[in-house]
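Keep in mind it's a predicted model, so treat the numbers as computed, not measured.
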Amino acid sequence: MREIVLPESKYRRFQADLLADAPFIAARTRLTGYNENTGCFRCLLVTTRRRRDGILVDSEGYTYARYAAYVKDKRELELAGIPRDDLDLKARER
């Protein structure tokens, strides 16, 4: 799993249209899908800094959220040690 933190406006757009191509998914397609070695599905947790919810995404090699699951409270997930790509912070630095 990898956590992708988006700016609030981009997260709302993503949440409203999960089938739209998303550059942040396209750049990470190799991080999703079924792992035969572990018997687990790998996914991205797409979220934003100020909200508790998120969306688990398995793109299965596509550039959109081919499979998605809503997470009401991401604090209930075990995220210790999970890599985070903070795209919100990168957007602020520009």
Side-chain angles (χ1 to χ4, degrees):
M1 182 185 314
R2 181 176 296 253
E3 184 178 10
I4 310 299
V5 180
L6 298 178
E8 180 71 28
S9 61
K10 287 188 179 185
Y11 178 75
R12 283 194 311 262
R13 273 182 270 157
F14 171 69
Q15 190 178 36
D17 188 4
L18 296 175
L19 297 178
D21 286 340
F24 61 90
I25 292 175
R28 296 165 181 84
T29 58
R30 63 179 172 67
L31 300 176
T32 68
Y34 183 71
N35 183 328
E36 291 184 19
N37 295 330
T38 63
C40 297
F41 284 91
R42 297 171 297 169
C43 59
L44 305 172
L45 171 63
V46 181
T47 188
T48 187
R49 183 179 308 280
R50 294 188 177 106
R51 293 174 60 158
R52 290 185 181 172
D53 66 329
I55 300 171
L56 289 171
V57 172
D58 175 3
S59 71
E60 207 174 64
Y62 293 88
T63 59
Y64 63 92
R66 182 164 173 121
Y67 299 102
Y70 179 73
V71 176
K72 185 176 180 179
D73 190 343
K74 63 188 174 194
R75 297 174 305 168
E76 294 182 18
L77 300 174
E78 180 59 51
L79 297 176
I82 299 297
R84 172 188 284 177
D85 293 343
D86 196 336
L87 304 181
D88 184 29
L89 181 61
K90 290 177 183 175
R92 292 178 194 199
E93 291 174 350
R94 289 186 204 162

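Aromatic rings of Phe41 and Tyr67 (six-membered ring for Trp) have centroids beyond the 6.0 Å cut-off, not under it.
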Take Thr29 and Ser59 through the test side chain to side chain donor-acceptor pair (under 3.5 Å) and record every step on the way to the result.
-> CA-CA 6 Å; Thr29 58; Ser59 71; 5.5 Å; no
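Contact between Ile82 and Arg2 at its shortest, heavy atoms only, is CG2-CA, 3.9 Å. Residues Pro7 and Thr48 come closest through the heavy atom pair C-OG1, 3.9 Å. Among all heavy-atom pairs drawn from Ile55 and Tyr11, the shortest one is CG1-OH, 3.8 Å. The heavy-atom pair separating Thr32 from Cys43 by the smallest distance is CG2-CA, 4.2 Å. Heavy-atom minimum distance, Val57 versus Ile25: CG1-CD1, 4.0 Å. Here the closest non-hydrogen pair linking Arg49 and Val5 is N-CG1, 3.7 Å.
More than 12 heavy atoms of other residues, nucleotides or ligands lie within 6.0 Å of CZ in Arg42, so this atom counts as buried by the packing criterion. Enclosure of atom OH in Tyr64 by more than 12 non-hydrogen atoms of other residues, nucleotides or ligands within 6.0 angstrom is indicated.
With hydrogens and angles disregarded, a donor-acceptor distance shorter than 3.5 Å links the side chain of Lys74 to the backbone of Arg51. Judged by distance alone, the side chain of Asp58 and the main-chain N or O of Gly33 form a donor-acceptor pair under 3.5 Å. Between the Thr47 side chain and the Asp53 main chain, a donor and an acceptor come within less than 3.5 Å of each other.
Taken from CZ in Arg84 to CD1 in Ile4, the straight-line distance is 10.5 Å, to the nearest 0.5 Å. Taken from CD in Glu3 to CG in Leu44, the straight-line distance is 10.5 Å, to the nearest 0.5 Å. Rounding to the nearest 0.5 Å gives a distance of 11.0 Å between CD of Gln15 and CG of Leu6. Distance check: Leu56 CG to Leu45 CG gives 5.5 Å after rounding to the nearest 0.5 Å.
A chain of hydrophobic side-chain contacts below 4.5 Å, direct or via other Ile, Leu, Val, Met, Phe, Trp or Tyr residues, connects Leu18 to Val46.
By the 4.5 Å heavy-atom criterion applied to side chains, Glu8 and Asp88 are not counted as neighbours. Using a 4.5 Å cut-off on side-chain heavy atoms (C-beta onward), Phe24 and Asp85 make no contact.
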